[in-house]
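Down below is the structure, laid out as structure tokens.
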2 protein chains.
Amino acid sequence: MPQIDRSLIADAPAFAGLDAAALDDVLSHALPCRLPKGEAAFRQGEPAEKFFLLLHGRLRVTRLNAQGQQILVRFVNPDDLFGVAMAIQSPVYPGTAEAAVDSLALAWPNSAWAGMIARHPTLAVNTMRALGARLQDSQQRILDLSTQKVEQRIAGAVLRLARQAGRPSEAGVKIDFPLSRQDLAEMTASTLYTVSRTLSAWEAFGLVEAGRQSLTVRDAPGLQAIADAEG
Amino acid sequence: MPQIDRSLIADAPAFAGLDAAALDDVLSHALPCRLPKGEAAFRQGEPAEKFFLLLHGRLRVTRLNAQGQQILVRFVNPDDLFGVAMAIQSPVYPGTAEAAVDSLALAWPNSAWAGMIARHPTLAVNTMRALGARLQDSQQRILDLSTQKVEQRIAGAVLRLARQAGRPSEAGVKIDFPLSRQDLAEMTASTLYTVSRTLSAWEAFGLVEAGRQSLTVRDAPGLQAIADAEG
DNA sequence: GGCGGAATTTGCGCGCCGACAAGGAAGGAG
DNA sequence: CTCCTTCCTTGTCGGCGCGCAAATTCCGCC
């Protein structure tokens, strides 16, 4: 078994409050999992046999309905848990997680979960908080879908991405992983056509700089004003 | 301190796996909380000082956006936890919970939470599962909002309500609490006008029986067919 | 350097469903 | 019984944004 350095996971909120010995115990059951761009950690409907912590990179979690239409549930950022189907007693993964860029994760077999939370109850509390935060996000998204117009939702999504995965660049804050018009459409319950038109209009106003699978926010307050507009 | 009977909460999933002594310990911190129809257990934005378990009745949880538009987040059923803001580290309630019918709940001060999960780690696991289930529901709802037409969403909402709160009656399965067109609109990101038209059409086909704040499902498979239709 | 495919742009038309207006029905209070 | 409030129904109109088609640009790859 390869020895994994404790410092890799010490900063993850999921393992906050665990001491060095506990971290070593947790790590002793983990296996590294390389995910080249495009590869899936798991696919919707597969038996849920593992859960993961993202160390480096970025994953897209998507969900299909019966008719094959797809939405983008969320992006997984470093230090996030993902694939925690066993926390909700689901025998299968409810979505698909694939690498948006070359990524590295740690994987634990589900069988290790029960022992881990029994020995380290803090883990259950931390996981509860993580789920609670995601529940909050989901309910906010439902509210946005229910009450906002498409342009506002796209503005909100872009601002959130810039906050979570933005890197300062010459022209503003650049979202530092490939992001297509289709991705934004699947995040905002819209279509790639509408997203394309919207970004073109914003670019004309100097709010963003839009490229092929790339997006730079030039005027965050301007976007925020669009997101906050009533209508 | 009034002695509350253990059997009141023994069936709640939140307290599954706790023995009699643990249940008594939990109950020793609880206070009964009567909620006449229309009264709120808490309102959005208030400091979150308590969490609750519904014993009897039915609550509507709503959420407002900055412009005052409202959605109906969920109905709270007996044996459900609600107001668990502290599980997600939120200092205020993110929504409003008001009684749809005369209801009875148990309330705990937030200060009791830390001790309770420390003494009974199963509680954290149970709460985690409950949050996970709600997260699943929320993500399914986002998928529905993103990919379905209004009529399908209304059909889905009605079927879910009939399953959760249906009581067999002469003509079919009656949803056994007051439910207005406005409620259904707020659940499905629609308007009371569209909901009214839809129910009228369904009634003409014999799928449902719609009254003032009341709804009876006569042909669940027929509704399911509408919900499943592609388009 | 040229080729092929994927991502994006843009024009055009129409359909769902939201918004307003006005009227009707049901139920509770006195 | 009557009033008044709340809830519901139904008609009409119009706009947002989806859907298709087709052209264009960009990038990787051979």
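What you see below is based on every heavy atom in this structure, not just the backbone, and it leaves out hydrogens, waters and symmetry mates. Bear in mind the structure is a predicted one, so any value in this text is a computation, not a measurement. A note on names: the letters A, B, ... follow the listed sequences, proteins ahead of strands, and every chain is numbered from 1.
Looking only at distances, no side-chain donor or acceptor of A:Gln148 sits under 3.5 Å from a matching main-chain atom of A:Leu145. Checked by atom type and distance alone, the side chain of B:Ser103 never pairs as donor or acceptor with a backbone atom of B:Ala99 at under 3.5 Å. In this structure, the side chain of B:Arg141 engages the main chain of B:Met187 through a donor-acceptor pair within 3.5 Å. Judged by distance alone, with hydrogens and angles left aside, the side-chain atoms of B:Asp137 form no donor-acceptor pair with the main-chain N or O of B:Arg134 at under 3.5 Å. The main-chain N or O of B:Leu161 is never found under 3.5 Å from a side-chain atom of B:Gln164 such that the two would form a donor-acceptor pair.
Nucleic acid contact class of A:Ala189 (heavy atoms, under 4.0 Å, all strands): sugar-phosphate only. The residue B:Ala185 sits apart from the nucleic acid: no heavy atom pair falls under 4.0 Å.
When rounded to the nearest whole Å, the span between CD of B:Gln67 and C1' of C:dG18 equals 17 Å. In this structure, A:Lys149 places its NZ atom 13 Å from C1' of C:dC16, rounding to the nearest Å.
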Sequence neighbours left out, cut at 3.5 Å: what donor-acceptor pairs do the side chains of residues 71-81 of chain B make with other protein atoms?
residue, atom, partner, partner atom, Å
B:Arg74, NH2, B:Leu81, O, 3.1
B:Asn77, OD1, B:Arg58, NH1, 2.6
B:Asp80, OD2, B:Asn77, N, 3.1

Donor-acceptor list for residues 206-221 of chain A side chains, cut-off 3.5 Å, not counting sequence neighbours:
residue, atom, partner, partner atom, Å
A:Glu209, OE1, A:Arg218, NH1, 3.0
A:Asp219, OD1, A:Gly222, N, 2.9

Would you check, one step at a time, whether the test ring-ring contact (aromatic ring centres under 6.0 Å, His included) holds for B:Trp108 with B:Phe15? CA-CA 14 Å; B:Trp108 287 263; B:Phe15 301 119; 5.7 Å; yes
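Between the two ends of the helix from C:dG1-D:dC30 to C:dG30-D:dC1, each summarised by a five-pair axis, the helix axis turns through 40° (rounded to 10 degrees).
Close approach of DNA chain D to chain B, defined as any atom under 4.0 Å from a non-hydrogen atom of the protein, starts and stops at D:dT6 to D:dT12.
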N/O-N/O pairs, protein side and nucleotides 8-15 of chain C side, under 3.5 Å:
residue, atom, partner, partner atom, Å
C:dT8, OP1, A:Arg181, NH1, 3.4
C:dT8, OP1, A:Gln213, N, 2.9
C:dT8, OP2, A:Arg181, N, 3.0
C:dT9, OP2, A:Arg181, NE, 3.0
C:dT9, OP2, A:Ser196, OG, 2.4
C:dT9, O5', A:Ser196, OG, 3.2
C:dT10, OP2, A:Ser200, OG, 3.4
C:dG11, N7, A:Arg197, NH1, 3.2
C:dG11, O6, A:Arg197, NH2, 3.3

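Between the side chains of B:Gln182 and B:Glu186, a donor-acceptor pair is found at a separation under 3.5 Å.
Here B:Ser138 pairs with A:Leu135, A:Ser138, A:Gln139, A:Ile142 under the side chain to side chain contact (heavy atoms under 4.5 Å, CB included) rule; sequence neighbours left out.
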